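Data first, discussion second: the structure below is written as structure tokens.
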Amino acid sequence: MAETIGFELVSPERLLVAKPVEMVVVPGTEGDFGVMPRHAPMIATVRPGVIAIFEGGKVSERIFVAGGFAEVTGERCTVLAERAVPVADIDRAAVERKLKEDREAADAAEVEVGEAMLAAIDHPSYH
Amino acid sequence: MPSLKDLRVRINSVKSTRKITSAMKMVAAAKLRRAQEQAEAARPFAERMERMLGSLAAGVDSGAGAPAMLAGTGRDQVHLLIVATADRGLCGAFNSSIVREARRQIRALLADGKKVKIFCVGRKGRDQLRREYESLIVDTVTDFQRPRLSFEGAARIAARVAELYEAGEFDVAKIIYNRFRSAIAQIVTVQQLIPFTPPAPAAGGNAAAVATGGGAPALYEYEPDEEQILSALLPRNLAVQVYRALLENNASEHGARMTAMDNATRNASDMIGKLTLVYNRSRQASITKELIEIISGAEAL
């Protein structure tokens with residue numbers, strides 16, 4: 001088994017994921033970045049997008065986050081996200097309805113989240 | 001001397017009160033457990049955010065470049081007190097102890113010649129403070145615990161506070177709430193939210209060492225730069241701090257209610273005991289009286 005890095009996904013209400021993974025790709029504000037074991041320590045902001053968890057050489061889990069922060073040290077990668085849903089659990093109709101409302105309300109931040117959610121369903125990255 | 005019927009009615013009414021208080025106690029106990037679990041579940045996020053902030057704040061000197069939420073406005077003329085209470089009563093001294101502390105703070109600040117603004121979270125605090133300080137209350141949030149206390153609710157409160165701060169409405173913000181120690185003991189706590197004081201290890205390069213688990217100090221790369229991250233992180237942190245305070249408060253409220261209702265149930269039982277004693281005595285007395293009347297009537301013949 002390849003070397004692993006501890007990945008944690010935390011929401012304000014609870015700890016969502018905590019497990020060793022081979023690699024995790026985080027959607028940073030300035031572009032996606034992959035975190036592997038012994039990554040250089042880093043703190044970054046996260047844009048709305050998909051976190052891809054790699055185990056056994058391929059993506060084992062995709063989780064949508066609506067923005068947040070990531071802290072990386074050599075042995076740990078922690079993502080603080082206010083909202084997180086597994087991509088498989090996203091309800092397309094609900095997202096589209098909400099997106100429409102947000103567009104009407106001109107809530108730019110929410111519109112961005114909604115669009116990113118749809119993109120996450122339509123164009124899964126990192127096969 | 002109340003009649004036998006009066007006593008019976010009285011005993012029955014106390015009995016039904018006891019039923020209500022013991023049911024409330026049970027409900028409070030269940031809610032307390034849930035509140036404690038929720039508070040427990042929220043801990044990892046707060047801890048990690050604190051760690052991140054610690055290392056960030058150590059990197060950014062609190063000079064001119066630092067965001068206003070960290071550096072403050074450079075004055076401490078206007079104070080905002082966020083008074084977090086419950087929406088409902090019947091929980092012992094829970095609400096009044098918070099309000100008492102709030103009053104004390106307000107008086108002390110006013111005596112110092114500062115201006116005070118009050119932000120009420122929870123109906124009970126507003127009701128009590130309104131009598132004396134109506135003009136100081138800038139905003140009130142109630143029903144934030146329905147259907148349950150959520151991070152979003154706390155984030156809304158925090159957003160409102162941040163808005164007021166950006167509008168230059170106050171210089172220092174403090175939140176007053178009850179810290180949960182046990183079901184019996186809650187400690188009134190005053191915590192400063194703005195300007196934010198980073199956790200203790202922020203002094204020097206210490207924070208980074210803590211972040212890597214005590215190993216060699218890690219020098220973080222920042223993406224984007226520290227100040228941008230910090231200015232995004234601080235409002236979130238405000239929400240987290242408010243959320244944490246509300247969670248503590250929520251657990252304290254149910255703890256206080258449980259204890260209060262336990263006492264009420266016990267008092268009701270005591271009272272029923274006493275009333276039953278009086279009832280039995282007066283019943284016996286009336287029987288004895290009737291007997292005496294019959295006997296003395298018979299003797300007189």
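All of these numbers come straight from a predicted model, not from anything done at the bench. Below, chains carry the letters A, B, ... as their sequence lines are ordered, and counting in each starts from 1.
- The closest side-chain donor-acceptor pair between A:Glu8 and A:Thr78 falls under 3.5 angstrom.
- Only the backbone of A:Ala70 comes within contact range of chain B, with heavy atoms under 4.5 Å apart.
- For the options A:Ser11, A:Pro12, A:Ala44, heavy-atom pairs under 4.5 Å to chain B are most numerous at A:Pro12.
- Remark: B:Phe94 pairs with no residue by the ring-ring contact (aromatic ring centres under 6.0 Å, His included) rule, at least two apart or across chains.
- Using a 4.5 Å cut-off between heavy atoms, A:Thr45 touches chain B through backbone and side chain atoms alike.
- In terms of heavy-atom pairs under 4.5 Å with chain A, the best-connected choice from B:Glu40, B:Met49, B:Gln38, B:Arg43 is B:Met49.
- For B:Tyr243, the part lying under 4.5 angstrom from a heavy atom of chain A is the side chain only.
- Between chain A and the residues B:Ala232, B:Ala239, B:Ala154, B:Ala46, the largest count of heavy-atom pairs under 4.5 Å involves B:Ala232.
- Interface residue B:Leu233: backbone and side-chain heavy atoms are both found under 4.5 Å from chain A.
- With 3.5 Å as the limit, one finds a donor-acceptor pair spanning the side chains of A:Glu71 and B:Tyr220.
- At a cut-off of 3.5 Å, with distance as the only test, no side-chain donor of B:Ser150 or B:Arg148 sits close to an acceptor on the other residue.
- Residues B:Arg244 and B:Glu47 are not paired through a salt bridge, judged by the lack of any N-O separation under 4.0 Å between the basic side chain and the carboxylate.
- Look at B:Lys124 and B:Asp87 and you find no salt bridge, because none of the NZ, NE, NH1 or NH2 atoms lies under 4.0 Å from a carboxylate O.
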